[in-house]
Amino acid sequence: MSELTTNKTVLDWINDKISLVKPDKIVWIDGTKEQVEALRAEACSTGELEKLNEELLPDCYLHRTAVNDVARVEHRTFICTPTKEEAGVTNNWMEPSQAYKMLYDIAADSYKGRTMYVIPYSMGPVGSRFSKAGIELTDSIYVVLNMSIMTRTGKAVLDALGDSNDWVRGLHCKCAIDEEKRYICQFPQDNTIISVNSGYGGNVLLGKKCFALRIASYQGYKEGWQAEHMLILGLENPKGEKKYICAAFPSACGKTNLAMLIPPESYSRKGYKVWCVGDDISWIRKGEDGRLYAINPENGFFGVAPGTNEKSNPNALASTKQGTIFTNVVHNLDNNTVWWEGLDKNLPENAVDWKGRPWNGKTSEEKGAHPNSRFTAPAVNCPCISSEFENPHGVPISAFVFGGRRAKLAPLVYQSRDWAHGVFVGSIMASETTAAATGAVGVVRRDPMAMLPFCGYNMGAYWQHWLDIGASLDEDKAPKIFNVNWFRKDDEGNFQWPGYGDNLRVLDWIIDRCEGKVDAQETAIGYVPYAKDINLEGIEDEVSVDTLGDILSVDKSLWKDEISGIEEFYAQFGKDLPAKLSEELEILKNNVK
Ligand code: GTP
Ligand code: SPV
Ligand code: MN
């Protein structure tokens with residue numbers, strides 16, 4: 001093995017893990033194209049990857065996971081803190097020494113006959129004050145190749161780390177992909193992640209949800225910054241001024257789509273543009289000028305494939321045309337490309353489905369791609385990638401936006417009265433569940449700040465951290481806080497708002513509010529737009545004035561029912577619930593009386 005560092009904390013930890021898992025061979029990932037190329041070829045020779053049509057999809061590959069291993073597993077994800085109290089009521093908890101013992105028993109000897117890949121990676125541009133290093137050990141080439149797209153990998157990361165001990169340890173063992181022994185464990189106090197018996201996405205690309213959210217949220221709590229499940233976009237107006245928005249929606253609720261949206265014709269004609277800084281995760285810190293700044297710690301997009309098409313998200317589609325790994329989509333054998341539900345009307349007849357079975361799109365009753373099938377695409381491919389994507393100082397945030405899937409109740413958009421009320425709005429978020437995690441789909445559950453599955457410590461303390469950050473900001477510098485809902489449905493079950501690119505109409509109102517350019521009506525839940533202030537130019541036929549009025553309305557009787565749900569949810573937190581949030585709940589109760 002040729003080690004790429006002399007950092008003793010790194011070498012000691014790796015040696016310790018080598019003696020545990022006993023690999024046949026050790027390979028350090030150096031970040032070179034040549035090494036990636038060789039690993040791709042090796043994965044193709046074993047069938048782990050299939051190379052796609054080089055002319056139509058250059059450097060693109062297809063991978064299928066085990067049928068029992070297609071999404072995050074929240075019931076098998078643990079926060080291992082010394083006390084249960086530190087993990088809080090919303091997390092599964094395991095006592096650390098017990099967790100280590102269980103995991104080491106599962107991991108022992110599991111690399112026999114396999115290669116250990118050592119992946120040094122950086123979350124955030126190497127050298128930025130926001131950035132943090134990690135090392136993932138894995139026995140999966142698929143993981144190496146995905147991490148090489150999703151993060152900055154290789155020797156430069158170790159050089160920047162020097163002999164520091166400030167790095168996150170990650171051990172991934174595929175073992176036998178046994179779902180009964182699958183565990184995703186975070187040890188926030190030890191900067192350590194151990195993931196066993198999975199080969200899927202968020203369970204194994206340890207830089208993503210495990211580090212950049214679960215471990216980093218705890219680091220942020222201790223160090224005075226924030227790690228959030230938020231996209232970052234820049235909205236450029238015709239004068240060329242850019243305003244940045246961070247938005248938190250639960251998994252598969254539209255972050256990638258919003259981050260890359262194409263403005264409606266009536267806006268692009270005037271010169272409005274949207275630039276993507278990130279589609280999933282934000283790391284946020286106060287800048288020297290007293291404003292909040294955000295970076296995207298990732299280097300690629302791990303996006304939901306189904307529903308992505310030329311109309312819904314052309315920028316995401318364009319991002320997948322080169323150097324992309326597709327997971328659990330349909331393999332079109334006629335031209336050796338990929339397909340998924342909602343891509344186009346050219347249903348392949350001679351194809352293989354996500355389970356690896358022959359599949360005919362015209363006759364098959366079953367879906368060809370898994371609903372949580374994904375693409376792993378380099379961020380640089382995105383036609384609307386922001387010029388600030390690599391900016392080590394991040395971008396200044398004008399607004400925070402929360403949102404989820406609610407068929408009823410939540411209006412298209414509303415603004416909180418102030419920061420503390422905004423934290424309340426984030427804390428009471430609820431959304432219908434999606435295929436991004438195993439379990440029932442379409443059930444409304446509370447998902448505060450879209451962080452329910454990702455907060456690495458006590459949610460009560462996390463809310464207090466949000467309140468404290470707000471209290472430390474000057475009022476005129478604090479981002480304004482909003483809530484949106486693209487998913488309101490009429491009584492026949494049809495979406496009432498066209499969504500996608502047309503969501504810019506709502507972002508436009510949000511920025512106008514931030515700049516004090518537009519009035520709003522004060523309602524029981526916060527400030528709601530006057531219907532005349534949502535620009536419907538070009539969609540007057542699709543969204544009638546009545547429909548707009550309906551989706552902007554606040555139904556007090558529905559909110560009364562909602563309050564009992566909020567009270568039940570809050571009750572679990574006991575003394576961990578910040579007093580400020582109970583006060584906000586009392587205000588809401590009074591307002592809807
Ligand atoms: P994760 O990667 O799991 O964090 O998901 P995400 O939040 O990035 O969600 P994504 O943008 O991939 O969207 C998920 C699904 O929501 C896709 O099927 C989209 O087609 C759908 N969707 C996104 N935006 C809208 C919208 O404005 N309206 C409607 N009706 N559907 C949308
Ligand atoms: C999510 O589920 O929020 C994702 C996909 O972004 S995963 O990486 O699997 O967590
Ligand atoms: Mn996500």
Side-chain angles (χ1 to χ4, degrees), residues 65 69-74 77 143 146-147 150 184 195 198-214 228-233 247-262 276 278-282 296 298 300-309 311-313 315-317 319 327-328 340-343 369-377 401-407 412-413 431-439 441 447 450-454 484-489 493-507 551:
T65 63
D69 188 27
V70 295
R72 285 182 294 98
V73 281
E74 296 179 3
T77 298
V143 167
N146 274 275
M147 286 291 285
M150 294 305 297
I184 319 300
S195 164
S198 175
Y200 183 81
N203 298 333
V204 299
L205 308 179
L206 300 186
K208 195 172 177 60
K209 297 302 169 44
C210 303
F211 176 176
L213 289 177
R214 297 195 191 101
E228 299 295 338
H229 193 198
M230 290 179 167
L231 66 91
I232 312 167
L233 67 80
F249 311 150
S251 301
C253 289
K255 288 183 300 301
T256 301
N257 276 273
L258 190 69
M260 299 180 191
L261 79 76
I262 303 244
C276 173
D279 80 325
D280 199 49
I281 298 175
S282 297
N296 168 13
E298 301 190 280
F301 309 119
F302 186 61
V304 178
T308 306
N309 61 53
K311 190 164 176 287
S312 66
N313 194 344
N315 285 321
L317 199 58
S319 305
T327 301
N328 293 340
W340 49 77
E341 278 70 24
L343 173 64
H370 188 274
N372 190 37
S373 55
R374 300 234 169 199
F375 52 79
T376 317
V401 178
F402 296 118
R405 288 178 188 260
R406 292 305 293 266
L412 180 63
V413 58
S431 191
E432 294 149 24
T433 50
T434 65
T438 56
V441 165
D447 188 351
M451 283 290 275
L452 182 73
F454 307 120
V484 299
N485 179 18
W486 316 138
F487 300 93
R488 277 274 279 256
K489 287 184 178 168
N494 307 305
F495 287 118
Q496 291 176 286
W497 175 252
Y500 302 99
D502 288 309
N503 293 333
L504 181 63
R505 301 168 190 278
V506 174
L507 301 184
I551 58 182

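Residue indices begin at 1 and follow the sequence shown. Counting starts at 1 for both ligands and their atoms, following the listed order.
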Check: If you count the atoms of ligand 1 from 1 in the order shown, which ones are under 4.0 Å from a heavy atom of Arg374?
Finding: 1 (P), 2 (O), 3 (O)

Notebook entry, point to check: In Å, rounded to the nearest 0.5 Å, how long is the span from CZ of Phe301 to CZ of Phe375?
Noted result: 8.5 Å

Check: Is there a heavy atom in Arg405 that sits closer than 4.0 Å to ligand 1?
Finding: yes

Next item on the list: Look at Arg406 together with Glu432 and state whether they make a salt bridge at an N to O cut-off of under 4.0 Å.
Entry: no

Note to self: Distance under 4.0 Å to a non-hydrogen atom of Lys208: what atoms of ligand 2 satisfy this?
What the structure shows: 6 (O), 8 (O)

Next item on the list: Heavy-atom distances under 4.0 Å are what count here, so tell me which part of Asn203 touches ligand 2: side chain, backbone, both or neither.
Entry: neither

Checklist line | Which segment of Leu231 sits under 4.0 Å of ligand 1 when only heavy atoms are counted | finding: neither

Check: Would Arg214 count as a cation-pi partner of Phe454, with NZ or CZ less than 6.0 Å from the six-membered ring centre and within 45° of the ring normal?
Finding: no

Check: In a check of side chain to side chain contact (heavy atoms under 4.5 Å, CB included) between Pro453 and each of Leu213, Asp447, Thr77, which one passes?
Finding: Asp447

Next item on the list: State the atoms of ligand 1, each with its element, that fall below the 4.0 Å cut-off from a heavy-atom position in Asp280.
Entry: 4 (O)

Note to self: Quick one: does any side-chain atom of Thr438 pair with a main-chain N or O of Val73 as donor and acceptor, under 3.5 Å?
What the structure shows: no

Notebook entry, point to check: What residue and atom, counting heavy atoms only, is the protein's closest point to atom 6 (O) of ligand 2, and at what distance?
Noted result: Lys209 NZ, 2.6 Å

Notebook entry, point to check: Can you tell me if Arg488 uses its side chain to pair, donor with acceptor, with the backbone of Gln496 under 3.5 Å?
Noted result: no

Check: Could you walk me through whether Asn328 and Tyr200 pass the side chain to side chain donor-acceptor pair (under 3.5 Å) check?
Finding: CA-CA 10 Å; Asn328 293 340; Tyr200 183 81; 5.9 Å; no

Item checked: N, O or S atom within Asp280 nearest to the Mn ion (ligand 3), by name -> OD1

Check: Which ligand 1 atoms are under 4.0 Å away from a heavy-atom of Pro306?
Finding: 18 (O)

Checklist line | Mode of Cys253 contact toward ligand 1 - side chain, backbone, both, neither (heavy atoms, under 4.0 Å) | finding: backbone

Check: Considering only heavy atoms, which of Trp486, Phe302, Tyr500, Trp497 lies nearest to atom 31 (N) of ligand 1?
Finding: Tyr500

Checklist line | Distance filter under 4.0 Å to His229 heavy atoms, resulting ligand 1 atoms | finding: 4 (O)

Next item on the list: Look at the side chain of Ser431 and the backbone N and O of Arg405, then say whether any donor-acceptor pair between them is shorter than 3.5 Å.
Entry: yes

Margin query: Regarding ligand 1, does Gly254 bring an N or O atom to under 3.5 Å of one of the ligand's N or O atoms?
Written below: yes

Notebook entry, point to check: Considering only protein heavy atoms, which is closest to atom 29 (C) of ligand 1, and at what distance to one decimal place?
Noted result: Phe487 CE2, 3.5 Å

Item checked: Interfacing atoms of ligand 1 (cut-off 4.0 Å, heavy-atom, Lys255) -> 1 (P), 4 (O), 5 (O), 6 (P), 7 (O), 8 (O), 9 (O), 11 (O)

Item checked: Test item: Asp279 and Phe302 side chains (from C-beta on) under 4.5 Å apart, heavy atoms -> no

Next item on the list: Determine yes or no for a side-chain-to-main-chain donor-acceptor pair under 3.5 angstrom, with Asn146 supplying the side chain and Val143 the backbone.
Entry: no

Item checked: Short N or O distance, Arg72 and ligand 2, threshold 3.5 Å exclusive -> yes

Check: Short question: side chain of Lys255, backbone of Leu231 - any donor-acceptor pair under 3.5 Å?
Finding: no

Checklist line | Atoms of ligand 2 close to Asp280 [distance to a heavy atom under 4.0 angstrom, numbered from 1] | finding: 6 (O)

Notebook entry, point to check: Are side-chain heavy atoms of Ile262 and Asn315 found at a separation under 4.5 Å?
Noted result: yes

Next item on the list: Kindly confirm or rule out an N or O of Ser251 lying under 3.5 angstrom from an N or O of ligand 2.
Entry: yes

Check: Lys209 to ligand 1: N or O pair under 3.5 Å?
Finding: no

Checklist line | Enumerated ligand 2 atoms positioned under 4.0 Å from heavy atoms of His229 | finding: 3 (O)

Notebook entry, point to check: Is it the side chain, the backbone, both or neither of Thr308 that has a heavy atom closer than 4.0 Å to ligand 1?
Noted result: neither

Notebook entry, point to check: With a 4.0 Å cut-off on heavy atoms, is Gly303 touching ligand 1?
Noted result: no

Notebook entry, point to check: Does Lys209 bring an N, O or S atom to within less than 2.8 Å of the Mn ion (ligand 3)?
Noted result: yes

Next item on the list: Working to the nearest 0.5 Å, report the span between CG of Asn485 and CD1 of Ile551.
Entry: 9.0 Å

Notebook entry, point to check: Got a donor-acceptor contact below 3.5 angstrom from the Asn203 side chain to the Ala71 backbone?
Noted result: yes

Checklist line | For Asn257, atoms of ligand 1 separated by under 4.0 Å from a heavy atom | finding: 10 (P), 11 (O), 12 (O), 13 (O), 19 (C), 23 (C), 24 (N)

Checklist line | Numbered atoms of ligand 1 (with element) below 4.0 Å of Pro250, judged on heavy atoms | finding: 7 (O)

Next item on the list: Measure the shortest side-chain to side-chain distance between Asp280 and Thr256 over non-hydrogen atoms and say whether it is less than 4.5 angstrom.
Entry: no

Checklist line | Residue and atom name of the nearest protein heavy atom (relative to atom 9 (O) of ligand 2), distance in Å to one decimal | finding: Gly202 N, 2.9 Å

Check: Ala436 heavy atoms, cut-off 4.0 Å: which ligand 2 atoms fall inside?
Finding: 2 (O)

Next item on the list: Please identify which atoms of ligand 1 are closer than 4.0 Å to at least one heavy atom of Ala252.
Entry: 1 (P), 3 (O), 4 (O), 5 (O), 6 (P), 7 (O), 9 (O), 14 (C), 15 (C), 16 (O)

Next item on the list: State the SG-NE2 distance between Cys253 and His229, to the nearest 0.5 angstrom.
Entry: 9.0 Å

